[in-house]
Amino acid sequence: MPFGYVSPEQQMRDKADYARKGIARGRSVVVLQYEHGILFVAPNPSRALHKISEIYDRIGFAAVGRYNEFEALRLGGIRYADINGYNYARDDVTARGLANLYAQNLGQIFTESPKPFEVEIVVAEVGDSADEDHIYRLTFDGSVFDETGLVAMGGQAEAVAGRLKERYRDGLPLAEALEAALFALTEPGGERSPADQLEVAVLDRNRPHRKFMRLHGPKLERLLAGGAGTPLRETPEPKTPKAPETSDLPPTAPEGEIDTGSNG
């Protein structure tokens, strides 16, 4: 046997251990179904580096781990969705198709690259009813899990998921679902993250066209205060004159974000 030989099995184990350690250093993210759709919650003090984003009309994305790696996956998913929606039909873009794409990419990187991606992601799609919702969790090696109801990833994911199951039930109102998520994300005896250090978004099946919406500012504060009847309406922004543009960005592409190599 040549000096320094490492068996393929040991290489795979070493890669998996390396990826798991990187993911565990990040804070957890929770995704769960609620009365009118799917809720995403993540502790995140940064307003520029998002862990939660829109991919397409009915599809959201959440991730933990190394930011520059899951950001590359997110942007690739947006390109895939835009191209397929344009060439075929918008309804042909599905979370299942995106999950298959991400599984292929992550599996190839894990197998062929010396360093695997230190990421775990969720692709979620809201349907016309709760039975038609889809939540797919993908791990660093390309494995895909079809989740039902809720999922926690990153950090102490098992402990977070256990606490979430204590409070979760089908058909939770949004305020109660948010309360359950924050209970799960807070360690026993620890302090909850304030509203300005939370990233919260929903896929709301009652919204026309694009279902994704971020919750922040007074809207989020009312929900945190127990405002079960808080309406999810967009606050109109004041319009200011701007110079004519020669081209428009694709309507589904979220705002550009800073690219760093930090773990989130």
Side-chain angles (χ1 to χ4, degrees), residues 1-31 40 42-44 46 49-53 55 59-81 83-84 94-124 134-148 150-165 184-185 187 257-264:
M1 181 179 295
F3 177 76
Y5 171 80
V6 179
S7 69
E9 293 84 357
Q10 185 61 48
Q11 288 181 353
M12 294 299 106
R13 284 195 293 268
D14 290 345
K15 286 183 180 182
D17 289 342
Y18 177 87
R20 290 192 188 100
K21 289 177 182 177
I23 294 167
R25 286 194 292 268
R27 298 181 182 181
S28 296
V29 173
V30 165
V31 181
F40 304 78
N44 185 8
S46 174
L49 309 181
H50 294 306
K51 297 181 180 181
I52 300 166
S53 297
I55 294 287
I59 301 173
F61 174 96
V64 293
R66 189 167 289 276
Y67 177 82
N68 66 317
E69 294 176 347
F70 68 67
E71 176 68 357
L73 292 171
R74 183 186 73 88
L75 293 175
I78 290 172
R79 287 192 291 269
Y80 165 89
I83 290 170
N84 280 272
T94 64
R96 180 177 179 179
L98 279 161
N100 288 335
L101 173 72
Y102 286 140
Q104 293 171 18
N105 290 342
L106 287 168
Q108 184 175 5
I109 291 167
F110 182 78
T111 303
E112 299 179 2
S113 173
K115 189 194 95 60
F117 271 18
E118 301 168 59
V119 299
E120 191 169 349
I121 65 175
V122 161
V123 180
H134 298 286
I135 301 175
Y136 298 102
R137 178 172 62 89
L138 293 98
T139 56
F140 54 85
D141 60 355
S143 299
V144 184
F145 301 88
D146 187 358
E147 305 285 357
T148 301
L150 59 91
V151 60
M153 56 184 181
Q156 303 298 317
E158 290 186 7
V160 172
R163 291 193 293 269
L164 184 58
K165 289 175 182 177
L185 290 167
E187 294 185 6
E257 297 164 3
I258 301 171
D259 190 14
T260 72
S262 61
N263 285 62

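Just so you know, residue 1 is the first one in the sequence shown, and it goes up from there.
Counting only heavy atoms from C-beta outward, the side chains of Val29 and Phe40 never approach each other to under 4.5 Å. Residues Leu98 and Ile59 have side chains in contact (heavy-atom distance under 4.5 Å, counting atoms from C-beta outward). Counting heavy atoms from C-beta outward, Asp146 and Tyr136 have side chains that approach closer than 4.5 Å. Using a 4.5 Å heavy-atom cutoff, the side chains of Ile135 and Thr148 are not in contact.
Smallest separation of non-hydrogen atoms from Val144 and Ala103: CG2-CB, 3.5 Å. Taking each heavy atom of Pro43 and Leu185 in turn, the nearest pair found is CD-CD1, 3.9 Å. Heavy-atom minimum distance, Pro116 versus Ile109: CA-CG2, 4.4 Å. Scanning both residues, Gly76 and Leu101, for their nearest heavy atoms gives O-CD2, 4.5 Å. Minimum heavy-atom separation, Arg137 to Glu120: NH1-OE2, 2.8 Å. The two residues Gly155 and Ser28 come nearest to each other via the heavy atoms CA-OG, 3.7 Å.
Atoms CD1 and CZ, from Ile23 and Phe117 in turn, are 11.5 Å apart once rounded to the nearest 0.5 Å. For the atom pair CG (Leu138) and OH (Tyr102), the distance works out to 9.0 Å, reported to the nearest 0.5 Å. Here Thr139 contributes atom OG1 and Met153 contributes atom CE; the two are 11.5 Å apart, rounded to the nearest 0.5 Å. From Glu69, atom CD reaches atom CD of Glu118 across 5.5 Å, with rounding to the nearest 0.5 Å. In this structure, the separation between CG on Leu106 and CZ on Phe70 is 13.0 Å, given to the nearest 0.5 Å. Taking CZ of Arg27 as the start and NZ of Lys51 as the end, the distance is 6.5 Å to the nearest 0.5 Å.
By the 6.0 Å contact criterion, NZ on Lys115 is enclosed, its count of non-hydrogen atoms from other residues, nucleotides or ligands being greater than 12. With a 6.0 Å radius and a threshold of 12 heavy atoms from other residues, nucleotides or ligands, Gln10 has its CD atom above the threshold. Atom CD of Gln11 is surrounded by more than 12 heavy atoms from other residues, nucleotides or ligands within 6.0 Å. Annotation for Glu147: atom CD counts as buried by contact number, over 12 foreign heavy atoms lying within 6.0 Å.
Under the side-chain hydrogen bond (donor to acceptor under 3.5 Å, both in side chains) criterion, Thr94 pairs with no residue, sequence neighbours left out. By the side chain to side chain contact (heavy atoms under 4.5 Å, CB included) test, Glu112 pairs with Gln108, sequence neighbours left out. In this structure Phe110 satisfies the ring pair (Phe, Tyr, Trp, His ring centres under 6.0 Å) test together with Phe140, sequence neighbours excluded.
Under a 3.5 Å cut-off, the side chain of Lys15 and the backbone N or O of Ser113 do form a donor-acceptor pair. A donor-acceptor contact shorter than 3.5 Å links the side chain of Asn44 to the backbone of Leu49.
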Legend entry - Intermediate values then yes/no, side-chain contact (heavy atoms from CB on, under 4.5 Å), Val30 and Leu164: CA-CA 9 Å; Val30 165; Leu164 184 58; 3.6 Å; yes
